[in-house]
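Computation of the quantities below employed the complete heavy-atom set of this structure, encompassing side-chain atoms and omitting hydrogens, waters and symmetry-equivalent molecules. To find a chain, count down the sequence lines: A is the first, B the second, and so on, and within it residues start at 1.
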Amino acid sequence: MTTEAYLQRAGEILAPFAKGTNNPESNRLDVQIAASDLPAAASALTDASWGYLAAITGMDHGAEANELEALYHFCEGSAVTTLRVRLPRVDCPEIPSVSGMIPVASFFERELGEMLGVTVVDTPDASRLFLPDDWPDRVYPLRQGFKPEQAASIQPNKTPEPSKAGNKFIVPIGPQHPALKEPGHFEFTVDGEIITGARMRLGYVHRGIEKATEERNWIQNLYLLERICGICSHTHTSAYSQGVEKLAQVEVPHRALAIRELVAGLERIHSHLLWLGVVAHEAGFDTLFMYSWRDRETVMNLLEELTGNRVNYSICVLGGVKHDIVAEHSASIHKALDFLEERIRYYLDIVTSDTTFLQRTRGVGTMTHAEAIRFGALGPTARASGVTRDIRLDAPYGAYKRFPVSLITDERGDLEARFVVRMKELLVTCFTIRTIVDNMPSGEIAVRFPRKIPAGETVSRVEAPRGEAFYYIKSGGGESPLRLHIRTPSLCNWTSVINKAVGHQLADAPMLIAGMDPCFSCNDRMVTVRRKDDMKTLSWSELREYGIKKYGQKK
Amino acid sequence: MKIGSMLKDVLISFFSAPITEKYPFERPETADRFRGKLFYDPAKCTGCNLCSKDCPAKALEIVVIDRAAKRFVARYDMDKCVYCAQCIQSCKFKCIGMSNEDWELAALTKELFTVTYGKEEDIARLLEGNALPNAEPIKAG
Ligand code: SF4
Ligand code: SF4
């Protein structure tokens, strides 16, 4: 189906609820609906298998308009249908939850609640996701008129409510852990070795970037957004530039777009190799970890040569790129790719043939195609379950029409499949990079760009190494954005991990979490067994005996 | 299915030289485009301050002492700079560059991170706080 056909179909599905529709851009349909119609409208789209919920953007239109607005963006191919719900600008306006039919919405709703002070009725978990536990109540950072001083009146020693476990054990993991730099907190409810429930808490590195963009000019924001993630910095600068360029109606030269795609390809190689090492390390396969990271240096050095830095390449500028790729670069790119291709093939062979390693990956964390769709998985995590979802192909942006990639999927859905998909994807990426280098379009690498961007709003989506990154950008005609909303792929992939962990052994949790490519932690070794009312502390040998008795000799 | 699948790699590495760089004993070569310390040439500058306006880190400011006589002082804070090179991009007159040699910038005191470029007498005047009568006020980037 074409984009127009998709949008027409969405219009038909939503007709019973629509209070007004318009097409702000050729690939977008905005439908105004009443808050009470939201669950019905969302389930109409889901039942008709029209796309997936990509993000919920909350907005405050200020005291004058006296309105808040929640935007539910659904995407199918390059078509974006937005359900727009207006809410009164009072302390806690109510909006019904859609998490029942769309599990991933739970995270978006938690964000909407804490950032804008919207009460999401019947959402499964209304606790804080990003804001600190000691953040003062009823202070909403994304409301207009918020002053950072308001957050200073924090009660410093307020500790979070302990989770009430009843007679269950909760194994807390994180937020600090030696395995990776990023902090995240998980609570696994376990019955013996088996996980029966999981919960998570993020926000330890929440820096309020969305809010900060409103105070910087369009150019300064490029470098702020680049720092969202050190691994996929180029994803953010290219998604942002692409959106702002669309708003400014500036045509970016083909050569610049090709260079952006080339750098995105190199970034994917370094990101996937980094991931390969991390997961190998979690599985105790440190040889693979060391060698994959050694080889990753090749691509890091190449990035330094082309862009001037190993991380935060800063190659994008609004209207093009900073540096050209010339003949001498082509030679070093081909040389580096020769080596990398050989190594990637070798690693693909290792992860599919090493007996010990396969015991940790084959059949572990299997997610079926239907589950991946239901949980809203993205990127390689989804493609390893046979979901054909890749923004580079579904909604080709930049130079991806001219230099397409081929889709890699795997039907098995387990951890092994995620390795296979990522490694094969790298081989495809290497091929595409070679094609770009050999067929580089001629011309300028950047065009002049205005300082003020015409009023309007746009949606920009790119495929990051971990899946789709979603940007919503609104300009009021000035030198800074009015609102910028970012949804990164990991947020969506968490839903699947949290749900899939149930039923697995606790020892699989590190692999499951690392398998989707975020971060991970270690466990405490002291175990307290609580039996009804008496508390008993087991020594290591007692625990061992207890375990052997419970699971038999085998496990 | 096999066991010890990476043994060959391990053996090869065992008999070859380590790939670790011997820094600081041997200084690695950096790429031409590498972004190190910023340098500034007042001769070409017009004092338009576009560079400092777009600096995301407020690390750079150009103080105009006398526009006609091309007397400018640049104050650059190495510790605030994020080495993004936007200033180079924003400057239409190519007054700013970044060194690919000068990248060992660690220092023991904060003062050493603030660098000033310009004529020595202008810098001295500025530091004493008595800029020339026609000097423009210092604007934050
Ligand atoms: S490199 Fe970037 S941060 Fe440093 S002075 Fe220039 S614009 Fe500012
Ligand atoms: S942009 Fe260039 S010319 Fe303008 S003040 Fe900065 S260095 Fe001088």
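- Looking at heavy atoms from C-beta onward, B:L50 lies out of side-chain contact with B:C91 at the 4.5 angstrom threshold.
- Heavy-atom neighbours of chain A within the stretch residues 13-26 of chain B, taken at a separation under 4.5 angstrom, comprise B:S13, B:I19.
- In summary, A:E210 and A:R216 do not engage in a salt bridge, as defined by a charged side-chain N under 4.0 Å from a carboxylate O.
- If you measure heavy-atom distances from B:L7 to chain A, you find no contacts under 4.5 Å at all.
- In this structure, B:Y40 and B:Y117 have tilted ring planes: the angle between them lies in the 30° to 60° band.
- The two atoms that bring A:R255 and A:G443 nearest to each other are CD-O, 3.3 Å, heavy atoms only.
- Your options are B:A57, B:G36, B:A31, and the one with the most heavy-atom pairs under 4.5 Å with chain A is B:A31.
- With respect to the salt-bridge test (charged N to carboxylate O, under 4.0 angstrom), the residues A:E297 and A:R294 do not qualify.
- Chosen from A:N309, A:N312, A:T356, the residue pairing most often with chain B at heavy-atom distances under 4.5 Å is A:N309.
- For A:Y347, the part sitting under 4.5 Å from any heavy atom of chain B is the side chain, from C-beta outward, and nothing else.
- Residue contact with chain B, scored on non-hydrogen atoms closer than 4.5 Å, involves the side chain of A:D349 exclusively.
- Between A:R360 and A:E282, no side-chain nitrogen of the basic residue sits less than 4.0 Å from a carboxylate oxygen of the acidic one, so the salt-bridge criterion is not met.
- Residues A:Y291 and B:V10 have side chains in contact (heavy-atom distance under 4.5 Å, counting atoms from C-beta outward).
- The most heavy-atom pairs under 4.5 Å with chain B, out of A:E305, A:E304, A:R310, A:E226, come from A:E304.
- Side-chain contact between B:R71 and B:K119 is present, with at least one heavy-atom pair separated by less than 4.5 Å.
- With A:W275 as the aromatic partner, A:R418 does not meet the cation-pi criteria of under 6.0 angstrom to the ring centre and within 45 degrees of the ring axis.
- Proximity to chain A (any heavy atom under 4.5 Å) is shown, for B:D9, by both the backbone and the side chain.
- When heavy atoms are compared at a cutoff of 4.5 Å, B:Q86 approaches chain A by way of both its backbone and its side chain.
- At a threshold of 4.5 Å between non-hydrogen side-chain atoms, the residues A:L266 and A:Y313 do not count as touching.
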